[in-house]
Peer 1: 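First the structure, which I've put down as structure tokens, then a few questions once you've had a look.
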Protein chains: 2
Amino acid sequence: MSSETIWPDEVFSDLDRNGPVPLYYQVASRLERAIRSSVIPAGSRLENEISIAQRLGMSRPTVRRAIQELVDKGLLVRRRGIGTQVVQGQVSRPVELTSLYDDLQSTSHEPTTRTLLHAIIPAPEEIAEQLRIAEGTDVLHLRRVRRSDGTPVAILENYLPAPFTDIAEDDLDTRGLYQVLRARGVAIRVANQAISARRAKGDEADLLGISRGGPVLTTERVVFNDAGEVVEYGIHCYRPDLYRFETTLVAK
Amino acid sequence: MSSETIWPDEVFSDLDRNGPVPLYYQVASRLERAIRSSVIPAGSRLENEISIAQRLGMSRPTVRRAIQELVDKGLLVRRRGIGTQVVQGQVSRPVELTSLYDDLQSTSHEPTTRTLLHAIIPAPEEIAEQLRIAEGTDVLHLRRVRRSDGTPVAILENYLPAPFTDIAEDDLDTRGLYQVLRARGVAIRVANQAISARRAKGDEADLLGISRGGPVLTTERVVFNDAGEVVEYGIHCYRPDLYRFETTLVAK
DNA sequence: AGCGTTTGAATGACATGACAATATGTCGAC
DNA sequence: GTCGACATATTGTCATGTCATTCAAACGCT
């Protein structure tokens, strides 16, 4: 049974070999779109790499790299000696290095933010440790409530070291923290994050509109920039009935 | 300032070019070990790819691939025109496609399991939907308590379709579910997982040894094999004070 | 009909070579 | 002294070629 997918040529009709976008990336994007829109159906087998390369007029490593991108995303499965196959079941976007603001925005909700606290304080011991700075150094302490279409979904607490302590409160009303940081030229690269849960404490229940002592989903995150310096330490808590982390895990 | 790391030759002393282990993988492993043990200190710059390749007697693509592995893991940061740098801050193991059993085992705790329920039932609507099978088809329903050094940490509820409905209760006492599946030749590849939180309900609080109505961390997971078939649907809940998901996020 | 072997097809790994894009540092003109 | 142009270093992209490894199906033998 040679159930190979011969996809419509339109899938790869508008490749731009001179533009700045890498070829492998163009191929990967178009393939992904074709898969997600079921132009290439789930479970079907792809052509082999060599003939794809020939048909698209490019080398095998380029095709391989494009396919590899989608394998890493969990959209395709490769088996040596067999071929490459589209996985069954839709793939969810992985937990990405974006702020909640971006998340909500991209899912066509309208995020709004209310700043509860915006102050420069000397860093307590635990904060200083996370930020890899000396205890007592000035840091910007933020506490905000994030709403989606008017409903509170999260309480965001952030600590930022110099040189970001001068971020204005106004900036954070219309844009997410990460957008502000990016606009200041900060290239965010890696972050260590921990997800857990606990009881709502203090005023959290009231702010989120849940019952006192009810459960909240928590994340703790240390964000690094290009040069490996700590950019931000954030402790967030979410309404678990409105928010959950979806991710696609891929075995290596 | 040319702060290049000239690492000890021992780091790459025992490369085996004839063995079955790929060269790039050997290089990546040794590099990772050297970084994690601070033989190559955090923040230091690596040699450029070409001279590494020359010094190790291999081609640049091979070295590139090795470095790429660690970039994907968040251990290294590359900047065009600049070089490759070790990131500050330790990297935590990402949320992997392993069972809790493997997790606990690898962190040198002693996991034990008590099976509360081991029955074959006709699949209810929601379960059938998740498993992509017809409603009413026989599935294996498992409910287990996982302990670490005697302390209960999680309640694991799993649903398995044919041909895995015959998994014996005994097998699950000494090994994790995924180990059992692997032993049966199942190649697990991708999974969709969602993490959230809720109140403990029913007997969960008692089983976990927490207060009634207290918060639990929950995961919901659909696991696919090589061929894209659903292997398992799992709903787990964890004691949030004893368990959290740590992961390193890497921006693309 | 059943079982072991062979063969073909596909991905995996690695080498070599070339050019492009980008950041940094240097040098010179103003 | 400051700013811009240029040279240099380094990673990014892409092509071509070769051999190894693995799986499945066809084949042949019993």
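Computed over heavy atoms, backbone and side chain alike; hydrogens, waters and symmetry mates excluded. Below, read A as the first sequence line, B as the second, and so on, with proteins coming before strands; counting in each chain starts at 1.
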Peer 1: In chain order, what residues pass the salt bridge (charged side-chain N to carboxylate O under 4.0 Å, His left out) check against B:Arg60, with sequence neighbours excluded?
Peer 2: B:Glu49

Peer 1: Whole angstrom is fine here: how far is it from CD1 in B:Ile50 over to C1' in D:dA9?
Peer 2: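 Rounded to the whole Å, the gap is 9 Å.
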
Peer 1: Thinking salt bridges, do B:Glu232 and B:Arg221 make one under a 4.0 Å N-O criterion?
Peer 2: no

Peer 1: Rounded to whole Å, please give me the gap between CD in B:Gln54 and P in D:dT10.
Peer 2: 12 Å

Peer 1: Within this structure, what is the CZ-to-P distance between A:Arg78 and C:dA9, rounded to whole angstrom?
Peer 2: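 So the CZ-P distance, A:Arg78 to C:dA9, works out to 20 Å.
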
Peer 1: Do B:Gln68 and B:Arg78 make a side-chain contact, defined as non-hydrogen atoms from C-beta onward lying under 4.5 Å apart?
Peer 2: yes

Peer 1: Please determine, for the side chain of A:Leu23, which listed nucleotide (D:dT13, D:dC14, C:dC14) has the closest atom?
Peer 2: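 The nucleotide sitting nearest to the side chain is D:dC14.
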
Peer 1: Would you tabulate the pairs of protein nitrogen or oxygen atoms and nucleotide nitrogen or oxygen atoms of nucleotides 16-24 of chain D closer than 3.5 angstrom?
Peer 2:
| residue | atom | partner | partner atom | Å |
| --- | --- | --- | --- | --- |
| D:dT21 | O4' | A:Arg80 | NH1 | 3.0 |

Peer 1: What's the CG-P distance between A:Leu76 and C:dT11, to the nearest Å?
Peer 2: 11 Å

Peer 1: What's the verdict on side-chain contact (heavy atoms from CB on, under 4.5 Å) for A:Leu142 and A:Leu140, showing C-alpha distance, side-chain angles and the deciding distance?
Peer 2: CA-CA 6 Å; A:Leu142 295 174; A:Leu140 177 62; 4.2 Å; yes

Peer 1: What is the distance, rounded to the nearest whole Å, between atom CD of A:Glu47 and atom P of C:dA9?
Peer 2: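 Going from CD in A:Glu47 over to P in C:dA9 covers 15 Å.
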
Peer 1: Carefully, step by step, assess B:Val230 and B:Val222 under the rule side-chain contact (heavy atoms from CB on, under 4.5 Å).
Peer 2: CA-CA 7 Å; B:Val230 179; B:Val222 180; 3.9 Å; yes

Peer 1: Is the phosphate of D:dT10, meaning OP1 or OP2, less than 4.0 Å from a side-chain N or O of B:Thr84?
Peer 2: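 Answer no for this pair, as no side-chain N or O of B:Thr84 is under 4.0 Å from OP1 or OP2.
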
Peer 1: Rounded to whole angstrom units, what separation is found between the CZ atom of A:Arg65 and the C1' atom of C:dT11?
Peer 2: 18 Å

Peer 1: One thing to verify: whether A:Arg144 and A:Glu157 come together as a salt bridge, which I'm taking to mean a side-chain N less than 4.0 angstrom from a carboxylate O.
Peer 2: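 Looking at A:Glu157 and A:Arg144, the cut-off is not met.
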
Peer 1: On the nucleotide C:dT11, are OP1 or OP2 found under 4.0 Å from the side-chain N or O atoms that A:Arg64 carries?
Peer 2: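 So the side chain of A:Arg64 is outside the cut-off, no N or O lying under 4.0 Å from OP1 or OP2 of C:dT11.
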
Peer 1: Should B:Leu76 and B:Val86 count as side-chain neighbours, where that means a heavy-atom distance under 4.5 Å?
Peer 2: yes

Peer 1: Taking OP1 and OP2 of D:dT13, is either one under 4.0 Å from a side-chain nitrogen or oxygen of A:Tyr24?
Peer 2: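 Yes, A:Tyr24 has a side-chain N/O under 4.0 Å of OP1/OP2 on D:dT13.
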
Peer 1: Given atom CD1 of A:Ile52 and atom C1' of C:dA10, what is their separation to the nearest angstrom?
Peer 2: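 Distance check: A:Ile52 CD1 to C:dA10 C1' gives 12 Å.
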
Peer 1: For the side chain of B:Asn48, starting at C-beta, report the closest nucleotide among C:dA13, D:dT10, C:dT11.
Peer 2: D:dT10

Peer 1: Rounded to the nearest angstrom, tell me the gap between atom CD in A:Glu49 and atom P in D:dA15.
Peer 2: 14 Å

